[in-house]
Amino acid sequence: MEFIFCLSGYDDPSLDEETVQLLSKRLEARSREEVPGLWKVIDGLNAYAAKDSGREKRRRRYRIWGVILIALGIFVLVPGLVEPRTPVLVAAGVVGIVFGFLHFLPIGEKSSSAPAASCRREAAKLLSQRRGVDWSLPENRTELRFDGAGLSVLAREKEDAVPYGEMTAVYETERLWLLLYSGEKALLLQKKDMTAGELEKFVPYLQENIGKQR
């Protein structure tokens, strides 16, 4: 199986928010790995709240859960702020505190927590780099090929390779994929840039090959 991309302009305004969403997913995944206990509590409370009935009883329980989440958030946040700072712990602590305060809102007015400011900054930087390139120029033409060996990047008569063993995760939104590899490196792919292969098979194919290398 093979998937080929030919990069084009990242000018669609919708990409701004979708890139933030992708980076938020990555941040949540990392914080779940770092502080699984906090997320276990959050997931458990949310699942229980979805099954709970009775408006008044829920209001009281929400307030109790809010206090618990705020306390857990502070418990995680404080060590994250101690030098050298740990961004993942800081983010996880903020998530816990935000979720805790959301439980004090009137029932029916809750909303998901806003993306971390760090995600917005990183998304702006990531898109700025790509929007600073005129991909239509022959000298900037870049082709990416995913096959059995991994990823091949052909640009300016030079070819680079990234084996599946260096890839760690892939996240998806309506128009984009974010592929993580070689530590903290990230590749932002537009679905419209796929010139060969089937869109719905791309993520399962990557996940299968990444899993084989672990």
ask   = Would Tyr205 and Phe146 count as a close aromatic pair, with their ring centres under 6.0 Å?
value = no
ask   = Hey, do the aromatic rings of Phe202 and Trp177 have their centres closer than 6.0 Å?
value = yes
ask   = How about Lys191: does its NZ atom have over 12 heavy atoms from other parts shown lying under 6.0 Å from it?
value = yes
inquiry  = Take a 6.0 Å sphere around NZ of Lys185 and say whether it holds more than 12 heavy atoms from other residues, nucleotides or ligands.
reply    = no
Using a strict cut-off of less than 4.0 Å between a Lys/Arg side-chain nitrogen and an Asp/Glu carboxylate oxygen, indicate whether [X] and [Y] qualify as a salt bridge.
{"X": "Arg145", "Y": "Glu2", "answer": "yes"}
{"X": "Glu17", "Y": "Arg120", "answer": "yes"}
{"X": "Arg131", "Y": "Asp16", "answer": "yes"}

Would you check if the side chain of [X] reaches a backbone N or O of [Y] as a donor-acceptor pair within less than 3.5 Å?
{"X": "Thr195", "Y": "Ile4", "answer": "yes"}
{"X": "Tyr10", "Y": "Leu188", "answer": "yes"}
{"X": "Arg175", "Y": "Leu15", "answer": "no"}

ask   = With side chains defined as the heavy atoms from C-beta onward, is the minimum distance between Tyr171 and Arg26 less than 4.5 Å?
value = yes
query = Going by atom types alone, do Glu166 and Ser182 pair a side-chain donor with an acceptor below 3.5 Å?
reply =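 Ser182 and Glu166 do have a side-chain donor-acceptor pair below 3.5 Å.
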